[in-house]
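Written out below as structure tokens is the structure these notes cover.
Chain identifiers are assigned alphabetically (A, B, ...) following the order of the sequence lines, protein sequences preceding nucleic acid strands; residue numbering begins at 1 within each chain.
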Amino acid sequence: MEYKFREIEKKWQKYWEDNKTFKCYDDTSNPKKYYILDMFPYPSGSGLHVGHPEGYTATDIVARYKRMKGFNVLHPMGWDAFGLPAEQYAMQTGTHPSVTTRKNCDTFRRQIKEIGLSYDWDREINTTDPEYFKWTQWIFIQLYKTWYDEKACKGRHIDELQVPDYIRKEGKDAVEKYINDKRLAYYDNAQVWWCSSCKIVCANEEVLTDGTHEKCGHPVTKMNLKQWMLRIPHYAERLLEGLDNLDWPEGIKDQQRNWIGKSTGAEVDFMIDNTDLKITVFTTRPDTLFGATYMVLAPEHELTRQLTTPEFKNKVEKYIKDSALKSDLDRTDLAKEKTGVFTGAYAINPVNNKKIPVWTADYVLTGYGTGAIMAVPAHDERDFEFAEKYGLPINCIMKPDTNDEELKERIVKGEECWTEDGVYINSSDTVTGIDINNLKKDKGIEKTIKWLEDNKRGRAMVNYKLRDWLFSRQRYWGEPFPVIHWEDGTISVLDESELPLELPDMEKYEPGENGESPLANAGNWLNVVDNNGRKGRRETNTMPQWAGSCWYYLRFIDPENNQSIFSKEKEKYWMPVDLYIGGAEHAVLHLLYSRFWHKVLYDLGHVTHNEPYLKLFNQGMILAFAYETKTGAKVPGDMVEEKDGKFFHKESGEELSQIVAKMSKSLKNVVNPDDIIESYGADSLRLYEMFMGPLDASKPWDEKGVKGVFGFLTRVNRLFGNLDNITDEKDDKDIIKALHQTIMKTGGDIENLRFNTAISSLMIFTNLAIKKGKVTKETAMTFAKILNPFAPHLAEELWQLYGNDKSLAYEQWPKVNEEFLKEDTFEYPVSFNGKLRFKLELSLEMPNDEIESLVINDERSGKWLAGKKPRKIIIVRGRIINVVV
RNA sequence: GCCCGGAUGGUGGAAUUGGUAGACACGUUGGACUUAAAAUCCAAUGGCCGUUUAGGCUGUGCGGGUUCAAGUCCCGCUCCGGGUACCA
């Protein structure tokens, strides 16, 4: 039987499409629902690469399996189609981005369909479709109309915000400002990262640590622009807590926790000597107040100029200017050597009323905490480094917990910094009444905070690294903001009935030089006049690409609804997403933003669950072999030839070493799924992607492996695809046992996303069945069922061959019959002092004393006992026997 | 620096979570079929020693430890990958 994979695969893909086999109905009467989601792709111009089908195949296997287990499965696909490349292409060629996008989506859809993935294509969505982004704009309006009630820890409608009387007394503008300052979405001046190559503002998250733009590698600079921002930090605590109950990889949760960056400590107020100015600092170590020997303000801090004394004015001004310039340079330079200048001012340390100098230095960041610190050089490494450089006093206030006496002495003398725990010294003051001497860190912090609060010098405080989310981009190809800026300086959002606000057609897509979006040139679209003749201008920025992907999982639930974002009943039925699979590169941004929006929607009563994604799994990256010379120079794949397992440069003949690297055009090692499907078929592609190794591991692509699984499918087809091999006689006991073991193994492995071992068990069974040569129809049909999630085309073909006229997509997953798995005997490995010596087949019922005597009296034991009596015999039933001599 | 992963044959990877290390597959070698090659099938395959028959030693990045028993647990390292970075 020839394995005509192309024929079979085309036939079944057409069948599934014609019969809408995988159409998903909102059958709310079935209590078993399963929502399984892929991270939808950005449809790039280069089409699918082999990394995409990895995650898609994994979810497809689970989806097909769950259907066979009787679940109502929601398994949709769509396109995250706003993005820069289509716009850049438009600039070069004048082609409208929507044309490019449609073409790319068509390619992606065709490629994905050829893999035989069981999506419900009737639910396909596209973030660039006005019917979709209408609701993205709608959510933005909700964010604009929401404030965060810190007492209730929840977002509420802006109409429910009580404006205090003292604000009301100040008039309409003050009220307006008060309200705007509370909105989750707000418009304000912001210092932003600007990429002059892409002519775009970047979120902090899009700037790499070396100060370059992650998209293009060009260095970014700072710029002040009016921007839309989202107050995600209000949700920091809930985003943090919410992680605890999610079935996500711990590493991803840790990354989110780090990103949110919660730290607990206190705010402390320092009065400036001879003024009534006050500096408030945030510190996690209020217990070290006695060691504070100076203070530092960020150069941008509003008090820096104010408290500088005349004689230091010039120096400080220069420093402020220099550091503003400096932040335009490579940011890593900042990290190297600390600089700063004295302001001439002194602050009063509240715990002992001592005067300490106030400096300004750019190692203190303006965006974190209060932008000012108390410096405790003896117990903070950054402060220590700074103090050493500028000769500031270093006062040790803690006897360190260390047995290194020499180190201890150096620390107490202030020659070394100690940041760990210890016992306080020099930490009391009779005037202020605080005394933490002889305490340790935890108690010291506690007691100091109490003292600060009792004396109104500070308060317990929690700080987060998470900043406001910069939410606008100077781009054409994104969701337009449903916002009008009026000539009187007010802002209004569109009414829901005016949505969607579509993009205007443009002739040119070039952005302006100074952060102006291309939309600023769309005259007709841009200018509006209200009923009273008031002139206004639409917002010309568009939303970032994150916007569309923040909530797409909700639209899949009810993609054609034009009355509301989705029906409440359907949301209640389908949410939350039961399994979400995608790349780890979205560990922080997409997943955090998405959770944030979900929580806002939850607070406003639009969704029924607090978290969108119950279980998350990250597939590993698919790498490829690459070649390099002895000096480490990379050699493109087409310049390499293999001889006797060694690799040589085709031209120079130099021997090369094989390494594993990311697929890249320059290395010429990119694998195109289309080629694999053409040569080996979609089932082989699917099987190989899963057989390579654990789903979450990074692993190199090796075409020899594809040949391996292709060979397996060929053998499956040869045996099971030939009715001559289907017998009416009974199956042997061992094949029935193997079959049931395989059912159990594959089912369990699918549940645990361990597809490589599931496939291995299918191979083991097939190898045994081939040895037998014949199987019963019942066995063959069962095998087709368990093969189905992995290689659905071949499985359907076999199923039809056995006389079934319906697709096996909804056949019941076979039940494991424990009867067939029972064992009476076990071949025990018998070891002496832990070393395996021989094997002994024994009844599993046999009592221990009988086993012992059989082992001792076995002739093979004589050599190892050497006439001695064993000290102990350990018998683990069904496992092992170990004789201790 | 800090936070996560990881290291097992020539290669990708298994190992019931403390109980026969190397499942399954690739590759290699030998054989069958063939005029020949490809394809297919059968067999062998961690390393070393021994071999007429056995068999033995050794082996999961390195060094210690716990245990009747360690790839798996504990302590101390090395190397590789990812994230993050003056966050007070």
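- Applying the 3.5 Å distance criterion, the base of B:U11 shares no donor-acceptor pair with the side chain of A:Lys704.
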- Decide yes or no on side-chain hydrogen bond (donor to acceptor under 3.5 Å, both in side chains) for A:Ser263 and A:Tyr368, but give the supporting numbers first. CA-CA 11 Å; A:Ser263 45; A:Tyr368 183 78; 2.8 Å; yes
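- Across B:U20 and B:G31, the matching C1' atoms stand 31 Å from one another, rounded to whole Å.
- Heavy-atom minimum distance, A:Lys338 versus A:Phe386: CB-CD1, 3.9 Å.
- Considering only side-chain atoms of A:Asn767, the nucleotide from B:A25, B:G13, B:C3 that sits closest is B:A25.
- Atom CG of A:Leu713 is separated from atom CG of A:Asp683 by 6.0 Å, given to the nearest 0.5 angstrom.
- As judged by a 4.0 angstrom heavy-atom cut-off over every strand, A:Ser698 is placed among residues touching the sugar-phosphate backbone only.
- In this structure, A:Lys707 places its NZ atom 22 Å from P of B:C24, rounding to the nearest Å.
- Rounded to the nearest Å, the gap between the P atom of B:G81 and that of B:G13 is 16 Å.
- Taking the side chain of A:Ile874 as heavy atoms from C-beta on, and the options B:A15, B:C4, B:C68, the nearest nucleotide is B:C68.
- Atom name P, nucleotides B:U60 and B:A7: the rounded distance is 14 Å, in whole Å.
- Nearest to the side-chain atoms of A:Val884 among the listed nucleotides B:C41, B:A15, B:C68 stands B:C68.
- No donor-acceptor contact under 3.5 Å links the side chain of A:Arg718 to the base of B:U40.
- Of the candidates B:A88, B:C4, B:U11, B:A88 carries the atom nearest the A:Ile373 side chain, counting heavy atoms from C-beta on.
- A donor-acceptor contact shorter than 3.5 Å is absent between the side chain of A:Ser760 and the backbone of A:Asn756.
- For the pair A:Ile260 CD1 and B:U84 P, the computed distance is 14 Å after rounding to whole Å.
- Summarising the geometry, the separation between CG on A:Asn618 and C1' on B:G6 is reported as 16 Å, rounded to the nearest angstrom.
- In this entry B:U72 has no Watson-Crick or G-U wobble partner, no candidate having both defining distances under 3.5 Å.
- Separation of the C1' atoms belonging to B:G27 and B:G9 is 12 Å when rounded to the nearest angstrom.
- Side-chain to base pairing of A:Asn882 with B:C68: one donor and one acceptor N or O lie within less than 3.5 Å of each other.
- Heavy-atom distances to RNA chain B give each of A:Asn258 and A:Ser761 a nearest nucleotide, and the one nearer the 5′ end belongs to A:Asn258.
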- Message: Apply side-chain hydrogen bond (donor to acceptor under 3.5 Å, both in side chains) to residues A:Tyr688 and A:Asp702 and explain how you reach the verdict.
- Response: CA-CA 9 Å; A:Tyr688 178 61; A:Asp702 185 359; 5.7 Å; no
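- Between the CD1 atom of A:Ile659 and the P atom of B:U11 there is a distance of 16 Å, rounded to whole Å.
- Of the possible polar contacts, none joining the A:Ser684 side chain to the A:Val709 backbone as a donor-acceptor pair under 3.5 Å is found.
- Closest to the side chain of A:Ile880, from the set B:U84, B:U20, B:A88, is B:U20.
- Listed nucleotides B:G13, B:U84, B:U58 differ in distance to A:Lys699; the shortest reach to its side chain belongs to B:G13.
- Taking the P atom of each, B:C2 and B:U8 are spaced 26 Å apart, rounded to whole Å.
- Of the candidates B:A23, B:G19, B:U20, the closest approach to any side-chain atom of A:Pro829 belongs to B:U20.
- No engagement by A:Arg877 is indicated, since no non-hydrogen atom pair under 4.0 Å with the nucleic acid exists.
- At whole-Å resolution of the value, OH in A:Tyr3 and P in B:U40 are 14 Å apart.
- Pairing for B:U66 is absent, with no Watson-Crick or G-U wobble pair whose two atom distances lie under 3.5 Å.
- Whole-Å rounding puts the A:Tyr294 OH to B:A88 C1' distance at 11 Å.
- Heavy-atom distances to RNA chain B give each of A:Pro694 and A:Met763 a nearest nucleotide, and the one nearer the 5′ end belongs to A:Pro694.
- Set against B:G19, B:C24, B:A88, the side chain of A:Thr283 has B:A88 as its closest nucleotide.
- Figure legend. B:U11 is base-paired to B:A25; pairs are counted as Watson-Crick or G-U wobble with both atom distances under 3.5 Å.
- Figure legend. B:G55 is base-paired to B:C49; pairs are counted as Watson-Crick or G-U wobble with both atom distances under 3.5 Å.
- By the salt bridge (charged side-chain N to carboxylate O under 4.0 Å, His left out) test, A:Glu751 is found to be paired with A:Lys66, residues two or more places apart in sequence or in another chain being considered.
- Taking 90° from 0 as the syn/anti boundary, the base of B:U17 is oriented syn.
- Look at B:G27: its glycosidic torsion is beyond 90° from 0, and that puts it in the anti range.
- Atom CD1 of A:Ile875 is separated from atom C1' of B:U20 by 16 Å (rounded to the nearest Å).
- No engagement by A:Gly261 is indicated, since no non-hydrogen atom pair under 4.0 Å with the nucleic acid exists.
- Rounded to whole Å, the C1' atom of B:C3 lies 48 Å from the corresponding atom of B:G56.
- Nearest nucleotide to the A:Phe691 side chain, out of B:G56, B:A25, B:U84: B:A25.
- A:Val364 comes within 4.0 angstrom of a nucleotide base, judged by non-hydrogen atoms across all strands.
- With hydrogens and angles disregarded, a donor-acceptor distance shorter than 3.5 Å links the side chain of A:Trp418 to the backbone of A:Asp421.
- For the C1' atoms, the distance from B:C24 to B:U45 is 15 Å, rounded to whole Å.
- Which of B:G19, B:C57, B:A88 sits closest to the side chain of A:Arg837 comes down to B:C57.
- Atom CZ of A:Phe755 is separated from atom P of B:G12 by 22 Å (rounded to the nearest Å).
- Look at the P atom in both B:U28 and B:C33: the space between them is 22 Å, to the nearest Å.
- Looking at A:Thr293 and A:Asn395, their side chains never bring a donor and an acceptor atom within 3.5 Å of each other.
- Residue contacts shown for A:Leu365 include a base, since a base heavy atom lies under 4.0 Å away.
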